[in-house]
There are 2 protein chains.
Amino acid sequence: MVRAVQKRTLQTRARLVEVAQALVARDGYAALRVEDVVAGAGVAKGTFFAHFRDKEALMERLISAELAARLARAGAGPVPDGVDAMIAALEPYHGFLASERYVFDIALRYSGAAQVAEVGPMAQTFEDCVTLVAGWIARSGGFRRDVPPDLLAEGVQAFAIQSLSLQFCALHQAEAGPARMRRYLVAWLLPPGPALPG
Amino acid sequence: MVRAVQKRTLQTRARLVEVAQALVARDGYAALRVEDVVAGAGVAKGTFFAHFRDKEALMERLISAELAARLARAGAGPVPDGVDAMIAALEPYHGFLASERYVFDIALRYSGAAQVAEVGPMAQTFEDCVTLVAGWIARSGGFRRDVPPDLLAEGVQAFAIQSLSLQFCALHQAEAGPARMRRYLVAWLLPPGPALPG
DNA sequence: GCGAAAAAATGACCGTGGTCAGTAAGAAAT
DNA sequence: ATTTCTTACTGACCACGGTCATTTTTTCGC
């Protein structure tokens, strides 16, 4: 016999999330302490872990929610008709991933489902992003047609991650994220040009 | 007046690394505890942190050493002349990255230099890999020539990371790593085929 | 050799994520 | 109402990475 979830449960969880969001807004994601969250919510430490597997599970929830919101706004806009328009359309989404090293790390770690038969919110959001981009590619006219749109979209994600990785890295900081991304996408998404000399 | 490094220093550091490697060989990377390392080496905990900034600095050293060794073996072999040969040549390198989730995470986090004007061993190894692949592409005949080889090589790295990410993920486990990698590289490295129907 | 200065090593201590046996609160059964 | 069963909550406790004032060892000028 499975009972309905108690009202109290939902209240407690909501309060934990609320407090966490406020703390993140003030100090950023990396600075979040579980002890501060429970203190702010007025519950014991153990309660936190009754609601979230671990600290990162809360992080996944917070970060994927923000990503999903930004992705939804991108999806509501017009279909981008070229590489530059696509980069611009995805900028808020990628900008958030680039905002904090910790955010990028968590996003990457949870971008795949954590366990068999369980697709977390982060994995869902990443998949939604691929689906959105694939739709753009299929509908727009300017992209190469010898590769299926969803494979191209997966590549866009791969290049985005590569660009962001290098953005966090001193070695290649000379070239900004969007500029690097542009070089990748021109080569990946457009019909090929003539062979280079040499 | 800057003094030479003491013999003792090198001995202690070598012993720490040695013990750590033995523990990793037995229990894997994720299970390594600093306290076990110092106990095995017969030194105090503080000594460890006099030799390594933190636990991950040791991890970077261990993991990048293994990666570099595998990369060197790949570089000693013949130049691969196509997508399948390239995947096969890089398999030991990628296989190690896929061997443990923790290894993959550390490798990614340190694949870029940590600080300005300091290129860590992991970043160096990743760069060496790109250089090696770029050389293969430039020397071999079968790849597209409308994009410079080093950009193509960076793309190979991006697709490898994408494939490995998805390998750790339940959602896409249906398709094995090398098979997925192959689809990406055919689209990325080869001259384009005719447009798909539809 | 000897004394001073630098380098290396020590271990008690701290912060923080995470656990778990025990308790309280809520929802059914009587 | 009272008992029973389930779910939610508690907080002392542990694990483990990391710090730092202090002590030991080494090096170097004399």
Side-chain angles (χ1 to χ4, degrees), chain A residues 1-20 23-24 26-63 100-103 105-106 109-110 114-115, chain B residues 1-20 23-24 26-63 100-103 105-106 109-110 114-115:
Chain A
M1 178 65 182
V2 58
R3 290 196 186 171
V5 193
Q6 295 182 12
K7 235 186 312 177
R8 187 172 52 148
T9 307
L10 299 177
Q11 281 176 357
T12 304
R13 189 169 309 170
R15 213 159 63 245
L16 286 170
V17 170
E18 208 175 304
V19 170
L23 289 175
V24 162
R26 212 189 53 192
D27 305 324
Y29 287 89
L32 191 72
R33 304 277 162 264
V34 171
E35 304 201 333
D36 295 341
V37 175
V38 296
V43 298
K45 205 177 192 179
T47 302
F48 180 93
F49 294 97
H51 287 273
F52 301 97
R53 189 171 12 81
D54 52 21
K55 181 183 162 182
E56 293 203 345
L58 169 64
M59 284 304 182
E60 185 194 3
R61 183 173 164 148
L62 296 181
I63 292 172
E100 258 188 75
R101 173 83 224 201
Y102 183 71
V103 168
D105 285 346
I106 295 287
R109 184 160 324 132
Y110 286 87
Q115 298 180 355
Chain B
M1 179 67 183
V2 58
R3 292 194 186 174
V5 190
Q6 296 182 13
K7 235 186 312 176
R8 187 173 52 149
T9 306
L10 299 177
Q11 280 177 358
T12 304
R13 187 169 310 168
R15 214 160 60 244
L16 286 169
V17 169
E18 209 175 303
V19 171
L23 290 175
V24 161
R26 212 188 53 192
D27 305 324
Y29 288 89
L32 192 72
R33 304 278 162 262
V34 172
E35 304 200 331
D36 294 341
V37 176
V38 296
V43 298
K45 206 176 194 181
T47 302
F48 179 94
F49 294 98
H51 288 272
F52 301 97
R53 192 175 4 85
D54 51 23
K55 182 184 161 180
E56 294 203 345
L58 170 64
M59 285 302 183
E60 186 194 3
R61 182 171 162 151
L62 296 181
I63 292 172
E100 259 188 73
R101 174 83 227 201
Y102 183 71
V103 168
D105 284 347
I106 295 288
R109 185 161 324 131
Y110 285 87
Q115 297 178 356

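So you know, we letter chains A, B, ... as the sequences are listed, proteins then strands, and number each from 1. For clarity, every value in this text was computed on a predicted model and none was experimentally measured.
Look at NZ on B/Lys7: it is 11 Å from C1' on D/dT26, rounded to the nearest Å. Summarising the geometry, the separation between CZ on A/Arg15 and C1' on D/dC9 is reported as 12 Å, rounded to the nearest angstrom. The CZ atom of B/Phe48 sits 17 Å away from the P atom of C/dA8 (whole-angstrom rounding). Between the CG atom of B/Leu10 and the P atom of C/dA9 there is a distance of 10 Å, rounded to whole Å. Summarising the geometry, the separation between CZ on A/Arg13 and C1' on D/dT7 is reported as 12 Å, rounded to the nearest angstrom. Spacing between atom CG of B/Leu58 and atom C1' of D/dG18 amounts to 14 Å, rounded to whole angstrom units. In this structure, B/Lys55 places its NZ atom 15 Å from C1' of C/dT16, rounding to the nearest Å. Nucleotide D/dT26 holds its C1' atom 13 Å from the CD atom of B/Gln11, rounded to whole Å.
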Taking only N/O atoms, report every protein-nucleotides 19-25 of chain D pair under 3.5 Å with atom names and distance.
none

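The stretch residues 36-44 of chain B has no heavy atom under 4.0 angstrom from DNA chain D at all. Applying a 4.0 Å cut-off to non-hydrogen atoms, none of the residues of residues 27-34 of chain B approaches DNA chain C.
A/Asp36 pairs by the side chain to side chain contact (heavy atoms under 4.5 Å, CB included) definition with A/Leu23, A/Arg33, not counting sequence neighbours. Residues passing the side chain to side chain contact (heavy atoms under 4.5 Å, CB included) test with B/Val17, sequence neighbours excluded: B/Gln21, B/Phe52, B/Leu58, B/Arg61, B/Leu62. Checked against side chain to side chain contact (heavy atoms under 4.5 Å, CB included), B/Ala44 has the following partners two or more places apart in sequence or in another chain: B/Thr47.
When every heavy atom of B/Val38 is checked against every heavy atom of B/Lys45, the shortest pair comes out as CG1-CA, 4.0 Å. When every heavy atom of A/Leu32 is checked against every heavy atom of A/Ala20, the shortest pair comes out as CD1-O, 4.0 Å. The shortest heavy-atom contact between A/Met59 and A/Tyr29 is CE-O, 3.2 Å.
Interatomic distance, CD of A/Glu56 versus CD1 of A/Ile106, reported as 4.0 Å (0.5 Å rounding). In this structure, CD on A/Glu18 lies 11.0 Å from CD on A/Gln11, to the nearest 0.5 angstrom.
No side-chain heavy atom of A/Val37 sits less than 4.5 Å from a side-chain heavy atom of A/Lys55. Contact annotation: the side chain of B/Arg101 approaches that of A/Arg109 to within less than 4.5 Å [non-hydrogen atoms, C-beta and beyond].
In this structure, A/Thr12 and B/Asp54 both approach DNA chain D, and ranking their closest nucleotides by distance from the 5' end singles out A/Thr12.
Proximity of a side-chain donor or acceptor of A/Glu100 to a complementary backbone N or O of A/Ala30 within less than 3.5 Å is detected.
When the side-chain nitrogen and oxygen atoms of B/His51 are compared with OP1 and OP2 of C/dA8, none of them lie within a distance under 4.0 Å.
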